[in-house]
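These notes concern the structure reproduced below.
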Amino acid sequence: MTEVAISTREITYREAVREGLAEAMRADPDVFIMGEDIAEMGGSMGVTQGLLAEFGSERVRNTPISEMAIVGTGVGAAMQGMRPVVEIMYQDFMTLAMEQIVLQAAKHRYMSGGQHSVPLTLRTQGGAGWSPGAQHAEQLEAWVCHVPGLKVVYPATPEDARGLLWSSIYDNNCVIFFEHRNLYPIKAPVAEQLMPIELGRARVHRVGADVTVVATGRLVHAALTVAEQAAGEGVSVEVVDPRTLLPLDEGTILASVMKTNRCVVAHEAVVQMGFGAELAALIQEKAFDYLDAPIERVGSKFAPVPFAPVMEEYVIPHEADVMAAVKRTLARS
Amino acid sequence: MTEVAISTREITYREAVREGLAEAMRADPDVFIMGEDIAEMGGSMGVTQGLLAEFGSERVRNTPISEMAIVGTGVGAAMQGMRPVVEIMYQDFMTLAMEQIVLQAAKHRYMSGGQHSVPLTLRTQGGAGWSPGAQHAEQLEAWVCHVPGLKVVYPATPEDARGLLWSSIYDNNCVIFFEHRNLYPIKAPVAEQLMPIELGRARVHRVGADVTVVATGRLVHAALTVAEQAAGEGVSVEVVDPRTLLPLDEGTILASVMKTNRCVVAHEAVVQMGFGAELAALIQEKAFDYLDAPIERVGSKFAPVPFAPVMEEYVIPHEADVMAAVKRTLARS
Amino acid sequence: MLLIRRFEEKVEERFRAGDLAGFLHVAIGQEAVAVGVCQALEPDDVIASTHRAHGHALAKGTTPNALMAELYGKVEGCSGGYGGSMHLYDVEKGNLGANAVVGGGLPSVVGSALAFQLRRQPRVAAAFFGDGATNIGTFHESLNLAQLWRVPAVFVCENNGYAESTPSHQQLPIKDLAKRAVAYGMRSIVVDGQDVEATHRAALEAVRHAREGQGPVFLLANTYRLTGHYVGDPQVYRPKDELPQLRVTEDPIEKLKVSLGLANSEWQALEAKVVQAVDASVEFAEAGTDPRPEDALKHVYAD
Amino acid sequence: MLLIRRFEEKVEERFRAGDLAGFLHVAIGQEAVAVGVCQALEPDDVIASTHRAHGHALAKGTTPNALMAELYGKVEGCSGGYGGSMHLYDVEKGNLGANAVVGGGLPSVVGSALAFQLRRQPRVAAAFFGDGATNIGTFHESLNLAQLWRVPAVFVCENNGYAESTPSHQQLPIKDLAKRAVAYGMRSIVVDGQDVEATHRAALEAVRHAREGQGPVFLLANTYRLTGHYVGDPQVYRPKDELPQLRVTEDPIEKLKVSLGLANSEWQALEAKVVQAVDASVEFAEAGTDPRPEDALKHVYAD
Ligand SMILES: Cc1ncc(C[n+]2csc(CCOP(=O)(O)OP(=O)(O)O)c2C)c(N)n1
Ligand SMILES: Cc1ncc(C[n+]2csc(CCOP(=O)(O)OP(=O)(O)O)c2C)c(N)n1
Ligand SMILES: [Mg+2]
Ligand SMILES: [Mg+2]
């Protein structure tokens with residue numbers, strides 16, 4: 001392989017999502033976006049700002065507050081071969097559209113014996129840490145990972161957000177694309193030009209030897225900070241972000257754990273029945289003989305997300321929780 | 001303890017659910033039931049037959065096809081201190097009501113700082129094996145086990161169905177009560193009088209020494225058959241049914257695995273991200289040093305449930321799958 | 001219509017004989033709605049259908065062979081054996097799919113119509129659904145959005161007075177279902193769904209309205225379910241004399257027979273042709289290919 | 001009304017100063033609806049509220065102290081610090097809870113009203129919601145069921161012409177929102193929501209109708225949001241001159257001032273009292289108790 005120098009620039013996660021959308025819309029007139037307040041206002045998180053001006057109101061569509069119809073209309077347009085991208089303002093409100101997601105979008109191809117495809121992308125965001133209260137802080141990736149027919153993507157960096165969004169939009173299946181509210185302002189270098197990232201490939205963010213942390217979303221950054229701290233203490237932490245949760249890149253994850261022999265899984269969602277349960281179940285099954293310690297799970301404590309900042313802080317996971325789990329796993333011999 | 005002779009009789013799982021409902025309604029006028037076609041028709045599965053005649057149309061209420069309102073109306077009546085039991089005809093249609101379940105029923109107590117309680121019971125049923133097709137065969141217990149504030153019950157026998165339903169109705173929280181379509185006709189002895197069964201207690205169906213099978217719903221019966229077969233081959237299988245999935249009786253499950261050192265988890269839902277993932281994650285964490293083999297997971301293959309019987313048979317798990325998993329785990333040394 | 005009737009009678013027969021898996025809803029009594037509407041559509045217009053789907057599928061052009069093979073779970077079935085009675089697809093013929101979720105197909109009809117609008121195609125998307133479906137949130141959101149965006153959709157309500165066992169007065173707060181459309185400012189057309197010609201004329205008008213960009217239409221077809229909700233339904237909830245009486249007064253096929261004024265011999269010839277086609281479909285289905293078990297893992301994803 | 005206004009102005013101020021966590025929606029301009037309706041209710045009638053909840057809470061009797069303490073996340077808050085601005089509860093005062101899910105509170109109002117009906121209690125349940133909420137399925141199912149069962153509920157639509165940034169014409173297919181009620185055969189009453197006395201009279205009539213068992217009522221209050229959707233909203237989507245103009249012509253408090261014909265001194269005395277109460281609530285909240293972190297695991301379940 002010859003190395004090619006790629007010129008980069010710094011953009012935020014928010015800008016990265018926006019670029020992913022804009023590039024996909026420029027490339028194909030069949031791509032259009034729909035959602036609440038995404039046009040003039042540019043979305044409740046400012047992600048779609050400027051897109052109305054560039055693409056016009058036919059392709060940048062404000063919708064009524066009708067989550068079922070937003071998703072379902074996307075399903076229908078996708079069945080006709082378009083590539084709609086719908087936005088559900090907070091992933092909490094996905095709970096209103098689960099029927100259209102699970103019983104319609106995920107199953108039409110299958111139930112039709114392969115006649116349909118549903119190239120729909122559903123973007124949504126969420127995450128606590130800013131006192132949104134219990135009805136604006138859900139993390140529901142575990143639910144959709146239980147549904148054959150869906151793909152599930154959860155990027156943690158600007159580069160991943162941009163490249164994976166492109167691939168999601170051009171995937172011929174329904175992709176649930178999770179963004180994290182608190183990652184929008186983070187900045188990182190991206191390649192000058194959008195580079196698609198294949199779905200189903202994990203990213204090894206940091207190579208390490210002593211313990212693997214498999215993290216998603218906001219917790220990827222927590223894991224990286226912990227890895228840095230741990231390095232100072234002589235512990236070498238490998239950080240892996242699956243990025244695509246379904247289909248999952250088992251190979252990369254298992255290879256890492258087989259090397260380090262210890263594993264921590266971390267996400268913001270509640271631990272119980274969270275995505276970390278699937279990771280732990282899988283890893284213990286396929287890397288049983290390599291494990292020197294139980295797989296530790298990090299996630300929210302078992303409560304809705306409370307409003308008062310002191311309580312919220314207590315419920316959701318932070319770097320310290322990842323560090324504690326890393327230490328617990330290392331303490332086992 | 002003095003042993004008391006309890007007179008028993010045989011009833012079906014269907015009759016057991018009906019008795020649970022009827023007894024609870026007799027005991028308290030605040031208990032009433034709502035759902036589609038539950039009155040004159042007695043429910044699509046015949047569970048509520050006869051209740052209209054006994055309790056009248058105020059307490060046995062046919063509803064329009066409005067899953068959100070069925071659940072949400074139950075939430076409201078429960079907030080007023082009544083004990084509604086709502087029926088969602090197939091658990092697939094719970095996908096329509098997830099917002100009312102997750103963002104309302106599960107959270108009102110918490111968000112109000114303990115002012116409200118929501119003593120709502122949501123009965124639903126499902127399960128494949130009779131070619132209902134992909135939109136009538138969902139098994140969604142994993143979703144609700146991810147939601148703090150809910151309780152989740154899934155009985156496998158008439159005795160458990162009756163006693164747990166009573167306790168669910170008289171629990172002061174929202175309980176999601178799963179029934180399995182194919183269990184309705186099974187018969188088993190129950191005590192003459194209804195005996196409440198505390199939520200959060202697993203049942204050890206069969207004591208064994210070599211491997212623990214933790215199974216739910218229809219798979220409990222598969223596991224018992226397998227245990228019987230295995231006994232013939234000299235293998236001693238312990239069969240544990242958590243019955244209440246949330247809160248989970250960790251103690252009973254862990255004690256069993258610590259004794260047998262091997263574990264298979266089994267349910268009808270898709271393996272990936274299913275309830276078995278939580279069981280496996282938990283057991284590997286808390287019984288790590290006791291495990292002689294990876295925890296094996298049995299469940300549906302990763303596809304929607306197809307219509308054609310030959311394909312359906314292939315997708316959903318059967319006794320043979322449990323037996324194969326038992327053998328795999330025993331093959332490890 | 002006659003084809004649908006004889007087809008469904010055969011399906012009932014085969015189901016009771018234990019040849020067919022799953023469960024079945026027949027539309028006996030409602031054939032005129034399926035035919036009247038689908039005849040008003042162009043070949044590249046699309047429909048979405050319901051749990052009571054056989055008539056819609058046949059009327060939109062799926063062959064009896066492909067349909068029967070599906071009910072038998074065969075590879076030659078219109079959904080390759082993956083779907084079954086409540087999941088009949090025939091995308092080439094413009095059947096987007098039957099839906100076992102009440103109201104579940106409505107949003108995708110809006111979305112299909114939106115795609116036609118955005119692509120400037122003069123095509124129409126039609127949704128079938130029952131009176132019971134007008135109670136569900138999906139119905140509300142779909143009609144509301146369709147009207148807001150004036151997409152070329154037709155919403156065909158097959159008002160048969162029951163949702164499973166539940167009669168209108170137990171599930172609908174209004175008698176005149178056309179009032180549903182008022183909430184969206186949507187045009188509504190009401191028609192006697194037992195009269196296939198009237199239904200066809202009404203549907204033509206609705207489709208024209210939609211196709212010309214004047215917005216969606218709520219087409220309310222009053223009809224009767226001259227059978228149980230599902231095959232085998234004992235109908236304990238139904239007044240004993242209701243059905244026998246309706247069978248006499250409200251059979252759309254008898255009505256058509258009268259209005260066509262065909263000679264007995266002509267009608268019998270028709271009958272014979274239809275019966276032959278239906279019998280042939282059973283033979284076709286029985287001779288069809290069983291899927292291989294492991295085919296169940298195909299088509300979960302598109303490439 | 002004046003209390004609500006001054007309270008919300010103070011809340012805006014404290015939020016901008018960084019004292020309050022989360023995010024906030026104020027109802028400046030809509031005070032007359034909250035007051036007009038809640039004054040028409042008896043103490044043991046109940047309400048469910050929305051994301052724009054402060055006015056409803058105060059009007060239903062929650063004290064400024066308890067409310068402000070909640071916004072500060074204190075134990076003394078009306079939800080014990082668990083809720084926040086969008087989750088204000090005061091069960092004793094009949095506030096079932098504010099709801100951050102658009103339409104989310106409507107079904108439980110139907111359910112509460114059903115409980116009153118079943119228990120033969122002469123109580124009424126009222127739901128507040130916005131124009132945007134009439135687009136969601138929950139709205140449809142709730143009103144439909146309420147009318148079918150004729151439960152004693154009042155559905156108060158605060159029609160302020162916007163759903164967040166989206167103006168009526170982009171989100172509603174009809175101009176006259178009273179048509180929504182037609183779909184259910186529900187009685188509707190339309191009122192100028194800037195006129196507190198008119199709103200009160202209309203609400204009294206609606207509540208009477210519901211309480212007497214004549215069925216639910218759709219009470220449409222036309223009002224104006226004299227502020228952004230949330231505190232800090234730059235309102236780029238709003239015509240520049242719209243707000244300043246409405247502030248002059250459509251301020252319900254100015255209107256009340258005129259209609260009351262109070263002497264300036266009387267009004268100023270009122271102002272002083274209100275400002276004092278609001279300032280006291282801030283002091284109360286600031287002096288309140290922070291929850292302990294581990295309290296977060298309490299109240300997940302009832303015993
Ligand atoms: C969302 C949902 N709820 C419940 C059911 C169960 N179900 C199947 S058909 C039916 C009645 C439908 O009534 P209607 O819409 O009038 O159609 P009809 O059967 O009369 O043709 C019900 C309740 C379902 N399929 N989907
Ligand atoms: C189901 C749902 N979808 C989206 C949102 C985000 N959201 C919060 S307020 C709002 C607008 C509500 O408009 P309206 O009902 O008119 O009330 P108003 O804000 O005008 O008082 C939206 C879209 C939400 N809270 N709930
Ligand atoms: Mg019907
Ligand atoms: Mg509004």
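A note on names: the letters A, B, ... follow the listed sequences, proteins ahead of strands, and every chain is numbered from 1. The basis for the numbers below is simple: all heavy atoms, side chains too, and nothing from hydrogens, waters or symmetry mates.
Across all their heavy atoms, B:Ala303 and C:Ala296 have their closest contact at CB-O, 3.6 Å. Among all heavy-atom pairs drawn from B:Val310 and C:Pro291, the shortest one is CG2-O, 3.4 Å. Looking at every heavy atom in both residues, B:Ala308 comes nearest to C:Gly73 through CB-O, 3.4 Å.
You'll find the side chain of B:Glu40 stays beyond 4.5 Å of the side chain of C:Arg238, heavy atoms only. The closest side-chain heavy-atom distance from B:Tyr314 to C:Asp295 is not below 4.5 Å. Residues B:His136 and C:Met86 are in side-chain contact: their nearest non-hydrogen atoms beyond the backbone lie under 4.5 Å apart. Side-chain contact check for C:Val101 versus B:Thr95: every heavy-atom pair is 4.5 Å or farther apart.
In this structure, the portion of C:Val236 lying under 4.5 Å from any heavy atom of chain B is its side chain and not its backbone. Neither the backbone nor the side chain of C:Gln235 comes within contact range of chain B; no heavy atom of the residue lies under 4.5 Å from a heavy atom of that chain. Both the backbone and the side chain of C:Asn99 have a heavy atom closer than 4.5 Å to some heavy atom of chain B. In this structure, chain B has no heavy atom under 4.5 Å from any part of C:Ser79. Contacts between C:Leu20 and chain B at a heavy-atom distance below 4.5 Å are absent for every atom of the residue. In this structure, chain B has no heavy atom under 4.5 Å from any part of C:Phe139. Using a 4.5 Å cut-off between heavy atoms, B:Phe302 touches chain C through backbone and side chain atoms alike.
Note: B:Met311 CE to C:Leu297 CG = 10.0 Å, rounded to the nearest 0.5 Å. With rounding to the nearest 0.5 Å, the separation of CZ in B:Phe307 from NE2 in C:His87 is 9.0 Å. Interatomic distance, CG of B:Asp37 versus NE2 of C:His229, reported as 7.0 Å (0.5 Å rounding). Once rounded to the nearest 0.5 Å, the distance linking NZ of B:Lys301 with CD of C:Glu294 reads 10.0 Å.
Of all residues in residues 158-166 of chain C, those placing a non-hydrogen atom less than 4.5 angstrom from a non-hydrogen atom of chain B are C:Ala163, C:Glu164, C:Ser165, C:Thr166.
Enclosure of atom CD in C:Glu92 is not indicated, since only 12 or fewer non-hydrogen atoms of other residues, nucleotides or ligands lie within 6.0 angstrom. Residue-environment remark: OH (C:Tyr224) stays at or below the threshold of 12 foreign heavy atoms within 6.0 Å.
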Cut-off 3.5 Å, no hydrogens considered: what does the side-chain donor-acceptor table look like for residues 64-77 of chain B, sequence neighbours left out?
from: B:Ser66; atom 1: OG; to: C:Asn135; atom 2: O; distance (Å): 2.8
from: B:Thr73; atom 1: OG1; to: B:Ala69; atom 2: O; distance (Å): 2.5

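Ranking C:Gly103, C:Gly84, C:Ser85 against chain B, the residue ahead of the rest is C:Gly84, based on heavy-atom pairs under 4.5 Å.
Residues C:Gln171 and B:Glu36 bring no donor and acceptor atom of their side chains to less than 3.5 Å of each other.
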